[in-house]
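Written out below as structure tokens is the structure these notes cover.
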Amino acid sequence: MKIYNSLSGSKEVFKPITQKKINMYVCGMTVYDDCHIGHARTFLTFDLFLRFFNFLGFEVNYVRNITDIEDKIIEKAKIEKVNYDDISLRFIESMHEDFKKLNLLSPNIEPKASEHIGEIVSMIENLESKHHAYSVEEGDVYFDINSYSDYGKLSKRNLEELDAGARVEVDKFKKSPNDFVLWKKTQTEPNWKSRWGRGRPGWHIECSAMSKKYLGNTFDIHGGGLDLKFPHHENEIAQSECCNEKGFANYWMHVAPLNVDGKKMSKSLDNFITIKKVLNEYHSEVLRVFFYLTHYRKPINFTKDSIIEAKNILDKIYESLRNFELIDIEIDENYKSKFEEALSDDFNTPKALKILQDLTQKINKADSAEKKYTFQTTLKSLANAIGLLSDTTESYFKYSGKEEISEEEIEALISKRNEARQNKDFEKADSIRDDLLSKDIILEDKNDKTFWKKR
RNA sequence: GGCUGAGUGGCAGAGUGGUCAUGCAGCGGACUGCAAAUCCGUCCACGCCGGUUCGAUUCCGACCUCAGCCUCCA
């Protein structure tokens, strides 16, 4: 198994600390709004990692946190005149709903920042006692970046560069412009008692505290979106390594960003697409295929055409499993090993997908029932390993977030049409088919049966 | 300006020093009452300029372009 390690900037042979066990920490959501498809990419990618590690026989301890104390949450609460946890709880619920629909495997632990204030405070105290942190008159506590010589090793920058490029106005209390806040003094909710007065944690420290609690000082994999690499992950490394006096994560994995119509998603551009919106039109596995089509370290562009392409591909694959019933049969080892090989090379999903497409073609061209079953079973089993083909063909094709016409009505029209066909009244039969097509229902006559699917 | 990464056919996207990726879309054909699905066939390619080489999309160097980060961000 080879994975690309952001820390070294190269592909490395993956060696977990404990054989066959993996401790993995992923930076999760800051819950101040509905999840968008950029989030979907990141978490679907880590879900793939998790599934494939399981497939290879690793036991993964997966921690994905929830950041529920943060400026944007507090701001929103102020605007809506509600408690901050009304906001965070609302969006945690929304997130869980989305993630369930995306068929994401649950993390083993999903810790919340607000429930780890004790751990956070003691970590800051530890850093202060070792002179890696300092408090100022105002009551804020900062991390002293110059006390940690390895600063910048993940994002590959040094302090001089950072100082030169600093665009923000320097806080007058900071010793160095790149020092970042560990504890923010505040009287507004939420706040907690501490030796520096009432306040709340800064961003970054919660991940150091929670990963330490659940995974220990040093663990295998730490990841998140590429945009978290700097400063968030860089700062986590600084805090954790200074506090624990041990190496932090061995492998860092970052998922490249997603653009919409060639532009970064943002509310001002009005190209902000939520997971809910996409799932309203497409089966969640279409989104999965869409992501798998591009390697996770490459930027991806979300357009109407590209999601349709993903749907076309998945449609074909599902089509080849129509009427498939799982029977006890050996799977094709040759395809299995090719599939494993592709994903073992830093999760080359485009290649893995191609193997599934090859299998589909083999099924369609199989000249014996036995061969067909073998390929179908192989396809199903490999696809399942990466979270695909978990639905039946029938229900996949009938999936739709919105209902324009009921299944009963469709079935009724189909039998009406077949009656007309038997009477050779093709004009009537075609008009019924056109009518259904206008409602996005496609009919397929196969042998003596008629199937329907959503466009 | 700095750092990091990337440039392959309409789009997506593998891979390799010397035949071919592949998929989606398109086009032609088979099948079908007609379609759809499926199968068969088919078009289109490696940013630019040098160098190494018998030969480079693949190796080396310069250049150009793009993206992300440098401020909140998955």
Side-chain angles (χ1 to χ4, degrees), chain A residues 4 6 9 26-30 32-33 35-46 64 67 70-72 75 152 154-158 160-169 178 203 223-232 234 254-259 262-267 289-290 292-295 297-301 303 305-306 308-320 322 342 345 348-358 360-361 363-365 397 420-422 424-427 429-430 433-434 437 441-447 450-453 455:
Chain A
Y4 181 89
S6 299
V26 173
C27 289
M29 287 288 299
T30 300
Y32 67 96
D33 208 341
C35 302
H36 58 242
I37 50 176
H39 296 122
R41 184 184 196 190
T42 299
F43 301 122
L44 234 19
T45 299
F46 281 100
R64 187 186 63 210
T67 298
E70 202 266 341
D71 289 357
K72 278 184 288 247
E75 226 169 85
L154 177 67
S155 54
K156 319 272 188 287
R157 17 187 132 199
N158 58 49
E160 291 81 64
E161 277 161 20
L162 282 167
D163 286 349
R167 284 202 249 146
V168 264
E169 215 174 302
N178 294 296
W203 184 45
L226 185 64
D227 47 1
L228 292 181
K229 195 168 169 186
F230 186 88
H232 186 239
E234 197 68 70
H254 291 102
V255 181
L258 172 139
N259 289 115
K263 298 221 167 68
K264 187 171 163 161
M265 230 186 321
S266 75
K267 285 186 178 157
V289 168
F290 169 71
Y292 288 173
L293 241 20
T294 302
H295 185 88
R297 283 191 286 110
K298 273 196 167 183
I300 197 167
N301 192 23
T303 63
D305 286 349
S306 58
I308 288 174
E309 187 191 344
K311 183 184 181 305
N312 286 342
I313 290 169
L314 188 58
D315 279 1
K316 286 199 186 204
I317 295 175
Y318 260 113
E319 190 63 54
S320 72
R322 200 182 273 285
D345 182 17
N348 192 332
T349 51
K351 234 179 174 177
L353 222 40
K354 184 204 174 321
I355 292 159
L356 300 185
Q357 286 175 284
D358 284 352
T360 287
Q361 211 164 50
I363 291 165
N364 293 336
K365 288 200 270 190
F397 281 119
R421 286 173 70 214
Q422 286 211 318
K424 306 270 185 216
D425 184 355
F426 295 120
E427 209 171 299
D430 289 353
R433 187 170 61 196
D434 290 346
L437 189 64
I441 305 298
I442 299 168
L443 298 189
E444 287 179 18
D445 300 323
K446 285 190 179 173
N447 302 324
T450 300
F451 297 95
W452 65 271
K453 49 168 114 167
R455 176 139 66 181

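Below, chains carry the letters A, B, ... as their sequence lines are ordered, and counting in each starts from 1.
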Taking atom [atom1] in both [N] and [M], what distance in whole Å separates the two?
{"N": "B:U16", "M": "B:A21", "atom1": "P", "value": "14 Å"}
{"N": "B:C64", "M": "B:U22", "atom1": "C1'", "value": "30 Å"}
{"N": "B:A56", "M": "B:G2", "atom1": "P", "value": "34 Å"}
{"N": "B:G47", "M": "B:A12", "atom1": "P", "value": "14 Å"}

Using a heavy-atom cut-off of under 4.0 Å over every strand shown, decide if [X] touches base, sugar-phosphate, or nothing.
{"X": "A:G28", "value": "sugar-phosphate"}
{"X": "A:L228", "value": "sugar-phosphate"}
{"X": "A:T30", "value": "sugar-phosphate"}
{"X": "A:T45", "value": "nothing"}
{"X": "A:L353", "value": "nothing"}
{"X": "A:D445", "value": "base"}
{"X": "A:N364", "value": "sugar-phosphate"}
{"X": "A:P257", "value": "base"}
{"X": "A:H36", "value": "base"}
{"X": "A:G224", "value": "sugar-phosphate"}

Test for a donor-acceptor pair under 3.5 Å between the base of [N] and the side chain of [X], counting only N and O atoms.
{"X": "A:R421", "N": "B:G33", "value": "yes"}
{"X": "A:N312", "N": "B:G23", "value": "no"}
{"X": "A:R433", "N": "B:A35", "value": "yes"}

Note every stem involving RNA chain B: at least three consecutive Watson-Crick or G-U wobble pairs, i with j then i+1 with j-1, with both distances under 3.5 Å.
-> B:1-7 with B:64-70, B:10-12 with B:22-24, B:26-30 with B:38-42, B:49-51 with B:59-61
May I ask you to say whether A:D445 pairs ionically with A:R421, meaning some side-chain N is under 4.0 Å from a carboxylate O?
-> yes
Could you tell me whether A:R322 and A:E319 have a side-chain N and a carboxylate O separated by less than 4.0 Å?
-> yes
Please report the distance, rounded to the nearest Å, between [atom1] in [X] and [atom2] in [N].
{"X": "A:I441", "N": "B:A35", "atom1": "CD1", "atom2": "P", "value": "22 Å"}
{"X": "A:I300", "N": "B:C24", "atom1": "CD1", "atom2": "P", "value": "18 Å"}
{"X": "A:W452", "N": "B:A37", "atom1": "CH2", "atom2": "P", "value": "17 Å"}
{"X": "A:K229", "N": "B:G2", "atom1": "NZ", "atom2": "C1'", "value": "15 Å"}
{"X": "A:R157", "N": "B:G5", "atom1": "CZ", "atom2": "P", "value": "12 Å"}

For [N], take OP1 and OP2 only and decide whether either is under 4.0 Å from a side-chain N or O of [X].
{"X": "A:K156", "N": "B:G5", "result": "no"}
{"X": "A:K316", "N": "B:C24", "result": "yes"}
{"X": "A:N301", "N": "B:A67", "result": "no"}
{"X": "A:T294", "N": "B:A12", "result": "no"}
{"X": "A:K351", "N": "B:U22", "result": "no"}
{"X": "A:K298", "N": "B:C66", "result": "no"}

Closer to the 5' end of RNA chain B via nearest nucleotide, is it A:S306 or A:E444?
-> A:S306
Going by distance alone, is a donor N or O of one side chain under 3.5 Å from an acceptor N or O of the other, for A:T30 and A:E70?
-> no
